[in-house]
Amino acid sequence: MSKPDQTPLSNAEKQQRYREKQRQSGKKELRGYLTPEALTCYQEIVDKTEWNDSLLLSNAIRLMYAAHKLGQVGLLNSWLNEHKR
C-alpha cells in the first residue's frame with residue numbers, strides 16, 4: 001500500500017517541528033550576542049573542544065553555576081579582566 005500524497009513541509013514548518021520536539025524533551029532555546037572578547041574565547045573553545053553551539057552554551061552555564069555555588073565567580077571575573085578576556 002502506498003501513502004497518500006503529502007505536500008512537503010516548508011523550512012519554517014520543519015524548524016517549528018524541530019523546536020517543538022526540543023521543548024518536549026525539556027530543552028530551552030537561548031539567544032544572545034557575544035562581545036568581541038567573548039567571541040575570541042568562544043572560537044578558542046570551539047577549536048579545542050569541537051563542541052557545537054548548543055553543547056558549548058549548556059556547559060558554559062553549568063560551569064558558571066558551579067563557580068557560583070563554590071563562591072568563585074569573583075575570582076573568575078577578576079582573571080578575565082586581568083587577561084582582557
Side-chain angles (χ1 to χ4, degrees):
M1 296 172 75
S2 64
K3 293 183 181 180
D5 290 332
Q6 295 178 349
T7 56
L9 297 175
S10 69
N11 283 340
E13 291 169 322
K14 289 176 185 177
Q15 289 173 0
Q16 186 176 9
R17 286 179 56 190
Y18 174 78
R19 289 187 181 118
E20 185 58 36
K21 286 179 185 179
Q22 296 302 314
R23 275 193 288 276
Q24 289 175 353
S25 70
K27 296 179 181 176
K28 178 175 175 57
E29 182 178 9
L30 298 174
R31 295 179 189 216
Y33 294 95
L34 299 177
T35 63
E37 298 85 3
L39 189 55
T40 301
C41 297
Y42 163 84
Q43 193 57 55
E44 189 174 326
I45 291 169
V46 168
D47 291 344
K48 288 182 181 180
T49 63
E50 297 182 4
W51 291 343
N52 62 29
D53 288 352
S54 181
L55 187 56
L56 193 143
L57 180 60
S58 293
N59 286 337
I61 290 172
R62 292 174 61 235
L63 289 168
M64 189 68 191
Y65 178 77
H68 162 70
K69 285 303 216 179
L70 295 172
Q72 300 300 313
V73 173
L75 176 69
L76 293 174
N77 196 41
S78 294
W79 185 92
L80 289 169
N81 289 333
E82 289 171 12
H83 292 86
K84 297 182 180 7
R85 291 291 183 140

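Note that the structure is predicted; figures quoted are calculated from it, not measured.
Hydrophobic clustering keeps Trp79 apart from Ile45 (ILVMFWY residues linked when any side-chain heavy atoms are closer than 4.5 Å, directly or through intermediates). Neither Met64 nor Leu55 shares a network with the other; the hydrophobic side chains, linked directly or stepwise wherever heavy atoms of I, L, V, M, F, W or Y lie under 4.5 Å apart, form separate groups for each.
Under the 4.5 Å side-chain criterion, counting only non-hydrogen atoms from C-beta, Asn59 is in contact with Arg62.
Scanning all heavy atoms of the two residues, the minimum distance from Leu9 to Glu13 falls at CA-OE1, 3.3 Å. Minimum interatomic distance between Trp51 and Leu56 (heavy atoms only, all atoms of both residues): CE3-CA, 3.9 Å. In terms of heavy-atom proximity, Glu37 sits nearest to Arg85 at CB-C, 3.7 Å.
Considering CG of Leu34 and CD of Gln43, their distance stands at 10.5 Å, rounded to 0.5 Å. Taking CG of Leu76 as the start and CG of Leu70 as the end, the distance is 9.5 Å to the nearest 0.5 Å.
Crowding of Glu50 atom CD: a count of heavy atoms from other residues, nucleotides or ligands under 6.0 Å not exceeding 12.
Remark: Arg23 engages Glu20 in a salt bridge, criterion side-chain N to carboxylate O under 4.0 Å.
Within the structure, side chain to side chain donor-acceptor pair (under 3.5 Å) contacts touching residues 64-75 (residues at least two apart or in different chains) do not occur.
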Please report the C-alpha distance between Gln15 and Asn11 in whole Å, then the side-chain angles of each, then the deciding distance to 0.1 Å, and finally whether the side-chain hydrogen bond (donor to acceptor under 3.5 Å, both in side chains) criterion is met.
CA-CA 6 Å; Gln15 289 173 0; Asn11 283 340; over 6 Å; no

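None of Gln22, Lys21, Lys14, Gln16 except one satisfies the side chain to side chain contact (heavy atoms under 4.5 Å, CB included) rule with Tyr18; the exception is Gln22.
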